[in-house]
Amino acid sequence: MHRKKICVFMNEIVQNFQQEFGKFFSFLANREGIDVFIYTSYGSYSCPYGRNLLSEIGKKNIIYLPDFSVFDAIIALPNSFDINGMDTELYDLILKEATCPVFCLQSGPSDFKNITIDNKNTVKELTEHFIKVHGFKKIYYMSGPLSYKDSPDRLSGYKEAMEEAGLEVLPNYIYEGNYWTNRGKKAMDHFLAGSEEFPEAIICANDYMAVSICDELRNRGKAVPEDVAVTGFDGTFDGAEYVPSLTTVVIEPEKYALKLIELIKRAWKNEEVPDVTAISEKILYRASCGCGTQVTSFDHTRALKRLNTTEVLLREAGRITADYQNDYDLDNALSVADFYFHTLECDKGYVCLCKEEDSDMFAFERNSVFTDRMILKQTMHIDRNKKADILDIEFDRRDILPSPILDTEDASTYIIYPLHFKSREYGYLVLMPAMKQWANSLTCTYINTLSGAIENSYHEKQFRSLSEAKRMSQTDPLTGLDNRRGFEEGLSKILADSMGEKKVFIASIDMDGLKQINDTYGHADGDLAIVSLAEALKASVKEGEMCVRFGGDEFLAVLVAKSSRRKNDFVKAFRSRLEKRSDMLGKPYRLGASIGICELEDGNTGQVIACMQNADRLMYEDKRSRKNAPGKDE
């Protein structure tokens, strides 16, 4: 069934604005019979040793997944991109490949239609409110990350208001935050800069940072707004419920969604669409600046529910991480992903992995970020725990999913995350939320741990391949015994383990009559005789000992014991097993071997060659003493 398709690029979709916008826009579009494809990733996170630049590339690479030519409209939210260069790379791709209308929310280049609010003048109005209404002069500002597109505009509004009022802005008046709740202490340390004089007001570029400032002021014995007035921006639920309720700028995501649907439909009808459309915003003066009242009293039931939800998500995050460590292979990774899928609170999920031409999905080199052909590995369902559909269906990457999945009766929304480790893309996860569903905050952990598990399965596969190659290089292919290389490594381990506490013996073993068997009965019988002797030898050594085929009819055994009786016990057991195997074979020849055993004095590695030579000498003495044994070479 052919339906119109809209592509949305929006990171950090669990944040308040992105979540409310995404849910409402998807609802409106799906109601109109339009499929919505949301390409997303989690943003950049700094750490004490710097940004993870390779991981940023892996997240940014989501922009290379879609085929822009198949969409009927494209929407970008560049303010949600905090990865350097993501916006400009996306714009270049769209200009090169897309043929449909393109819209940017809150900021964007003039090549596309823009829907914005006036960030600069709104913050300027907030600042002027403190100056003109409250008479404040010491007004500080906590900015968002200046790499975000809205941050410089909001900061310039603050600076312009202060400049026009003739108020100074010292270096410690401005702090660059991270739009989250964990920088309040650092911000206040910066603002005070060794001084004990607090500001009269602090304007924050969003509500989350404003909450962190209020908390830190309380920790320092200051009341809001009695001692310091505080404002936020974005109008979050947290800000409304906080005590005191935050003075803030309300940005209604629903207005953006409604306006976008309207403008997109106009563009499809070839009607004129303005280059810039302004969405009205509203400043709500509440208790935190002293001009309003508390919006709500503290809701203990709601707070307890949120606390319980957070606790559950944290517990599940720990379990997910632990369960991925059960086994480092791809099957285990997919099984764990299926088991915990219900925690994401989306109806369905699809794990799609890159298809490599050499049948190795983990190949390092690839001409493109994602392969042209993808493999749908499994489909997961929110109500079918541990019952994923294992599919292995190959399809064209441009379709995002196999056609039968997309060919539904009703329009749907698809949320697409990259599965990557650092800058290497393994594929992507598609979430398909039902009505009123959306990805929750556990999704970040789910995506990261699944990606890490896929990476681990690659390394495990490589390790196993290397281990197998090493094992084969140290193993005699006919008998499965160690060869000369295996003997060197195995002997070193035995000597290290014995540490002079046990005696170590080297037995030289030469098969009797192999040449006669080959010449008389053929090499197939010769090989059978060699394998039979090897099996008898293997059964005669104990744990911590080893047996080796040096080549042809030559074998070695390394024996370990506390007394020299082990030599006689070994010879007796080995010869007995050879006799039994000869009986079992029922051949006209008998299996036999000559044996010489020498003790390696004090486990001295420097004496190994001499010990082997002595064992050979004793073996040939044994051979001469048994010169008339059946099946023996003369």
Side-chain angles (χ1 to χ4, degrees), residues 13-14 19 38 40-42 55 58-59 62 305-355 361-362 374-393 395 400-402 404-405 412-421 424-461 463-464:
I13 64 170
V14 299
Q19 181 175 162
I38 299 174
T40 185
S41 66
Y42 286 91
S55 182
K59 295 169 184 174
I62 189 68
K305 183 178 179 180
R306 292 179 64 180
L307 182 62
N308 289 338
T309 300
T310 301
E311 184 179 343
V312 168
L313 292 177
L314 287 173
R315 185 171 64 247
E316 292 299 300
R319 289 175 175 173
I320 291 173
T321 303
D323 284 353
Y324 274 123
Q325 298 170 4
N326 286 337
D327 196 357
Y328 294 129
D329 62 31
L330 184 59
D331 288 341
N332 180 69
L334 295 176
S335 176
V336 174
D338 174 42
F339 184 81
Y340 288 99
F341 176 73
H342 68 281
T343 63
L344 304 189
E345 301 176 348
C346 286
D347 192 46
K348 295 178 183 177
Y350 306 89
V351 177
C352 303
L353 300 179
C354 293
K355 178 182 185 294
M361 65 163 287
F362 301 116
M374 302 296 297
I375 304 295
L376 172 58
K377 297 297 292 186
Q378 71 179 23
T379 300
M380 301 169 291
H381 307 263
I382 191 171
D383 56 354
R384 284 169 51 187
N385 188 243
K386 295 195 295 184
K387 295 181 179 179
D389 299 322
I390 310 301
L391 301 171
D392 274 339
I393 299 175
F395 63 97
I400 298 302
L401 288 170
I405 294 176
S412 300
T413 295
Y414 306 89
I415 303 173
I416 304 140
Y417 289 91
L419 293 173
H420 69 97
F421 185 83
R424 187 185 309 125
E425 305 295 334
Y426 287 126
Y428 51 86
L429 173 72
V430 181
L431 300 181
M432 189 175 173
M435 184 71 69
K436 296 184 179 180
Q437 290 180 343
W438 198 252
N440 61 26
S441 57
L442 185 62
T443 311
C444 178
T445 298
Y446 184 92
I447 295 289
N448 288 337
T449 51
L450 174 56
S451 298
I454 296 173
E455 168 78 1
N456 286 338
S457 71
Y458 159 74
H459 285 297
E460 179 70 9
K461 181 177 180 181
F463 176 76
R464 288 176 180 172

Note: V14 and S441 closest approach over all heavy atoms is CG1-N, 4.0 Å
L419 and L429 have their tightest heavy-atom pair at CG-N, 3.9 Å
Value for NZ (K348) from CG (L431), rounded to nearest 0.5 Å, stands at 13.0 Å
Steps toward side-chain contact (heavy atoms from CB on, under 4.5 Å) verdict (K377, D392):
CA-CA 5 Å; K377 297 297 292 186; D392 274 339; 2.7 Å; yes
The ring pair (Phe, Tyr, Trp, His ring centres under 6.0 Å) partners of Y417 (sequence neighbours excluded) come to Y42
Inset, instruction - Please assess D338 against R384 for the test side-chain contact (heavy atoms from CB on, under 4.5 Å), listing each intermediate value before the final yes or no. - result: CA-CA 9 Å; D338 174 42; R384 284 169 51 187; over 6 Å; no
| message | Applying side-chain contact (heavy atoms from CB on, under 4.5 Å) to Y350 and I400, what does each step give before you reach the verdict? | response | CA-CA 10 Å; Y350 306 89; I400 298 302; over 6 Å; no
Without swapping roles, check the side chain of T443 against the backbone of N440 for a donor-acceptor pair under 3.5 Å. yes
To the nearest 0.5 Å, atom CG of D383 lies from atom NE2 of H342 at 11.5 Å
Take T449 and V336 through the test side-chain contact (heavy atoms from CB on, under 4.5 Å) and record every step on the way to the result.
CA-CA 10 Å; T449 51; V336 174; over 6 Å; no
Closest non-hydrogen contact found for V430 with I416 is CG2-CG1, 4.1 Å
For P418 and I447 the tightest heavy-atom approach is O-CG2, 3.7 Å
When every non-hydrogen atom of G452 is compared with those of F421, the smallest separation belongs to CA-CD1, 4.3 Å
* Find out whether H420 and S55 are in side-chain contact, i.e. whether some heavy atom of one side chain is under 4.5 Å from a heavy atom of the other. => yes
Do any N or O atoms from the side chain of Q437 and from the backbone of D347 form a donor-acceptor pair under 3.5 angstrom? yes
When rounded to the nearest 0.5 Å, the distance separating CE of M374 from CG of L353 is 6.5 Å
Rounded to the nearest 0.5 Å, the CD atom of E425 sits from the CD1 atom of I454 at a distance of 11.0 Å
Notebook entry, point to check: If only atom types and distance count, is the side chain of S335 paired as donor or acceptor with the main-chain N or O of D331 below 3.5 Å?
Noted result: no
Closest heavy-atom pair, I393 versus P402, reported as atoms and distance to 0.1 Å, is CG2-CG, 4.0 Å
Output for pair (K355 NZ, F395 CZ), nearest 0.5 Å, gives 12.5 Å
**Prompt:** Is it true that a side-chain atom of Q378 and a backbone atom of L334 form a donor plus acceptor pair closer than 3.5 Å?
**Reply:** yes
So CE of M432 and NE2 of H381: to nearest 0.5 Å the spacing works out to 10.5 Å
*Taking Y426 for its side chain and C354 for its backbone only, find out whether a donor-acceptor pair lies under 3.5 Å.*
no
